[in-house]
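Below you'll find the structure, written out as structure tokens, and then a few comments.
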Amino acid sequence: MARLLRKLRKKSFNVCRVLPVRSACGFTWSAVWSKFGFKRKPKTKRSKRFLQGREPKLNENIKNAMLIKGGNANQTVTQALKDIYSLKKPNAVMYKKKNITRPFEDQTSLEFFSKKSDCSLFLFGSHNKKRPDNLVFGRMFDFHVLDMIELGIEKFVSLKDVKNSKFPEGTKPLLIFAGDSFETDNEHKKLKSLLIDFFRGPTVSCVRLAGLEHVLHITALDGKIYFRSYKALLKKSGCRTPRIELEDMGPSFDFTMRRTHLASDDLYKTAHRQPKALKPKKKKNVSHDVFGTKYGRLHMQKQDLARLQTRKMKGLKKRKGEKAEGEEVEATTAKKAKTQ
Amino acid sequence: MAACSIEDVLAKAEREEVEKLKSISVHKEQELEFDPGNLFAFDKNPPNIREFRKLNKDEFLRSLARDNTQLLINELWKLPTERVEEVIVAKLPEPTTRLPREKPVPKPRPSTKWEEFAKLKGIQKKKKTNLVWDDVHKEWKRRWGYKRANDDTKEWLIEVPETADPNEDQFSKRIKAKKERVAKNELNRLRNIARGQKIKVPGVGLAPTEQQSKTELGKAIHVAKHSTASVGKFQGNLPKEKTPKNMGKKRKFEPLIGDFSAEKQKQLDLLNIMDSKKPRIDITKAVNKQMREEDRQSGFQKRKSPGKKGRKGNFSGKGKAKGKGKKGGPGGGSGGGNSKGGPGGGKNRKPRMKQGKR
């Protein structure tokens with residue numbers, strides 16, 4: 001039995017415990033082991049909970065965003081990143097130092113960062129002569145880049161420049177898209193999906209009606225995309241629904257669409273696939289009619305109506321005396337018939 | 001007269017209603033698409049470009065935004081509300097916009113043998129408390145684990161049952177039984193994992209592998225030979241088969257109190273050996289062996305060193321072999337300079353990741 005145990009141990013994963021020794025050349029045993037599918041087992045309950053939080057689940061966590069500065073990022077781009085970070089707090093991570101990468105050429109470093117900080121959305125800002133004031137919005141599926149869209153900032157008004165009262169961070173915004181090109185053009189459609197994903201915030205079941213203050217309005221007009229952020233004031237109207245007055249508040253951008261990197265249709269299909277368990281279960285054999293009456297359906301086996309158990313009528317039961325009479329009468333009639 | 005007044009009143013009421021609704025109603029050519037679950041609205045109407053160019057851009061955008069927001073708020077106010085701690089809260093439906101997932105759908109964990117049996121029989125899991133009252137120690141102790149309640153291996157007094165052998169150690173018997181239970185549990189756990197990952201594990205004997213070495217084959221033959229009712233005692237050998245000797249214990253220890261004369265003789269022989277002038281090892285042989293070893297080591301170092309000059313790391317088997325090949329050609333120095341270009345440029349299997357600076 002001990003021999004069997006040893007053989008089984010060799011074949012089961014997650015059993016090795018290796019110390020992560022970092023050498024000068026950047027070679028780690030953990031990297032080698034992870035290539036073979038061996039992971040370090042968590043030693044404390046806290047770390048186990050942390051790792052379970054990062055696993056794929058049926059109902060997913062809120063998507064985190066990472067905001068990265070490129071090799072040469074000027075004042076505009078840095079301020080833009082900071083503003084979007086404040087809109088996205090606390091589900092965002094801001095990388096303070098510059099990282100010299102080019103998202104459209106090499107995505108490996110972005111994927112590495114995403115794996116380390118468990119972020120599936122990213123925003124990369126850079127500036128050069130060919131593409132001034134550049135922002136790349138992107139999202140990941142399974143820590144690989146799903147799609148990226150590059151937007152150039154034409155005009156930018158920061159949060160600081162607009163002197164108004166702001167609202168607390170973390171409020172779920174009302175997203176409004178306007179413009180028929182979001183319906184017709186494929187790239188605009190993907191941009192719409194990306195921006196919804198980016199600014200959506202956590203999925204909640206109830207929302208406080210008085211707290212709906214933040215409004216993000218994105219218009220596609222004249223080849224450009226206008227991104228505006230307002231604070232909504234709910235004024236009294238005659239009836240229950242209030243009248244809205246908008247106050248210009250947050251960062252406002254005028255974007256132009258530059259390059260895009262979209263995934264193949266198959267990858268989109270896989271990414272959009274929802275698990276079966278989340279689909280609402282249909283209740284069978286129940287129907288409602290126009291008046292609201294609920295009808296149910298029962299399925300029964302075939303019944304032998306001849307052997308059906310009905311109510312017993314004691315009065316109709318044949319008694320002993322009556323029975324004998326009946327037989328005699330029958331017998332005499334039979335004899336009569338024979339003799340005749 | 002009264003009729004007129006009633007009509008007037010009704011007309012006035014209607015006008016007031018219309019006035020009220022005016023403030024919140026917005027006229028649009030096409031209805032907006034709403035997704036209240038996401039607080040999202042989509043206006044498909046093509047915006048009026050001429051007006052946009054005439055007016056101030058921001059003003060136009062703001063009025064458009066106001067209209068759209070009004071419609072969205074109207075939609076949200078239609079949702080059912082409830083009062084939660086002095087706050088009016090609207091219940092949102094499920095979001096209808098399809099957005100991609102972050103990570104792929106998780107695969108369901110393969111169920112264990114017990115779980116399948118429980119499902120079959122309809123056995124429900126009963127939630128048990130973590131702590132159990134221990135009467136002996138008069139305190140609450142864990143149900144299982146370190147310092148658990150009712151631990152029978154930790155008892156200081158065990159009554160010897162009448163049917164048991166008086167010389168048997170009851171304490172070690174309990175400890176052994178516990179060890180066997182633990183081993184059985186571990187075996188079942190590993191078997192469950194193997195079943196989950198579809199790895200074939202045989203009940204008895206050896207697991208089959210692709211390339212079997214001489215020792216593995218020998219072991220397999222041995223196991224097969226001894227798997228009979230009389231444990232292989234009456235199994236004959238094949239024509240050229242040799243019975244393997246020394247199967248079993250690798251070391252033999254003498255009993256403590258055995259042959260006294262043999263022990264004495266052994267000790268005296270040992271003393272003689274220590275006394276004698278003749279060395280026990282063959283010196284020439286040992287020296288030759290050492291020299292061969294040293295030569296091998298130095299040769300190994302020389303092969304590694306051109307790699308060391310050129311790059312600072314990324315030690316891979318391929319690098320070493322290629323470095324060796326290159327050593328012959330252009331020579332040590334240039335071979336060293338090119339060595340990163342060779343294996344590195346050819347197949348950059350693992351690109352060097354710089355830890356992202358935050």
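Scope of the values below: all heavy atoms of this structure, side chains included, with no hydrogens, waters or symmetry mates. Order of the sequence lines fixes the chain letters, A, B, ..., with proteins taken first and strands second; residue numbering starts at 1 for each chain.
The distance from atom CG of B:Leu39 to atom CG of A:Leu216, rounded to the nearest 0.5 Å, is 11.0 Å. To the nearest 0.5 Å, atom CD of residue B:Glu102 and atom CG of residue A:Leu121 are 7.5 Å apart. For the atom pair A:Ile196 CD1 and B:Asp35 CG, the distance stands at 7.5 Å (nearest 0.5 Å). Taken to the nearest 0.5 Å, the CG atom of B:Leu61 stands 12.0 Å off from the CD1 atom of A:Ile218. Between the CZ atom of A:Arg139 and the CZ atom of B:Arg101 there is a distance of 14.0 Å, given to the nearest 0.5 Å. The CZ atom of B:Arg66 lies 11.5 Å from the CG atom of A:Leu233; values are rounded to the nearest 0.5 Å.
Within a 6.0 Å radius of CG in A:Asp161, other residues, nucleotides and ligands contribute more than 12 heavy atoms. Within a 6.0 Å sphere centred on CD of B:Glu31, other residues, nucleotides and ligands contribute 12 heavy atoms or fewer. The number of heavy-atom neighbours closer than 6.0 Å to CG of A:Leu51, taken from other residues, nucleotides and ligands shown, is above 12. The number of heavy atoms from other shown groups lying within 6.0 Å of CD (A:Gln274) is above 12.
Using a 4.5 Å cut-off between non-hydrogen atoms, the part of residues 84-92 of chain B that approaches chain A consists of B:Val87, B:Ile88, B:Val89, B:Ala90, B:Lys91, B:Leu92. For residues 40-48 of chain B, the interface with chain A (any heavy-atom pair closer than 4.5 Å) comprises B:Phe40, B:Ala41, B:Phe42, B:Asp43, B:Lys44, B:Asn45, B:Pro46, B:Pro47, sorted by residue number. Scanning residues 205-215 of chain A against chain B with a 4.5 Å non-hydrogen threshold yields A:Ser205, A:Cys206, A:Val207, A:Arg208, A:Leu209, A:Leu212, A:Val215, sorted by number.
Pairing each heavy atom of A:Pro242 with each of B:Trp77, the nearest pair is CD-CE2, 3.6 Å. Across all their heavy atoms, B:Pro104 and A:Pro56 have their closest contact at O-CB, 3.3 Å. Shown here for A:His272 and B:Arg98, the closest heavy-atom pair between the two residues is O-NH2, 3.0 Å. Nearest heavy-atom pair, A:Asp248 versus B:Arg62, reported as atom, atom and distance to 0.1 Å: CB-NH2, 4.0 Å.
Only the side chain of B:Thr81 comes within less than 4.5 Å of a heavy atom of chain A; its backbone N, CA, C and O stay farther away. For B:Phe60, the part lying under 4.5 angstrom from a heavy atom of chain A is the side chain only. Only the side chain of A:Tyr230 has a heavy atom closer than 4.5 Å to any heavy atom of chain B. Within the 4.5 angstrom heavy-atom criterion, only side-chain atoms of A:Leu146, from C-beta onward, approach chain B. Residue A:Lys269: no heavy atom, backbone or side chain, is found under 4.5 Å from chain B. Using a 4.5 Å cut-off between heavy atoms, B:Leu32 does not touch chain A at all. In this structure, chain B has a heavy atom under 4.5 Å from the side chain of A:His217, while its backbone stays farther away. In this structure, chain B has heavy atoms under 4.5 Å from both the backbone and the side chain of A:Lys172. The contact between A:Tyr226 and chain B is made entirely by side chain atoms (from C-beta outward), counting heavy-atom distances below 4.5 Å.
Under the side chain to side chain donor-acceptor pair (under 3.5 Å) criterion, A:Lys192 pairs with no residue at all, not counting sequence neighbours.
Each of A:Ile176, A:Thr219, A:Ile244 was checked for a side chain to side chain contact (heavy atoms under 4.5 Å, CB included) with B:Asn68, and the lone residue meeting it is A:Ile176. Of the options A:Leu267, A:Asp197, A:Thr270, a side chain to side chain contact (heavy atoms under 4.5 Å, CB included) to B:Pro100 is made by A:Asp197 and by none of the others.
Ion pairing between a basic and an acidic side chain is recognised when a charged N comes within 4.0 Å of a carboxylate O; B:Asp58 and A:Arg228 show such pairing. Ionic pairing of A:Glu60 and B:Lys103 is not present here: no N-O contact between side-chain nitrogen and carboxylate oxygen is shorter than 4.0 angstrom.
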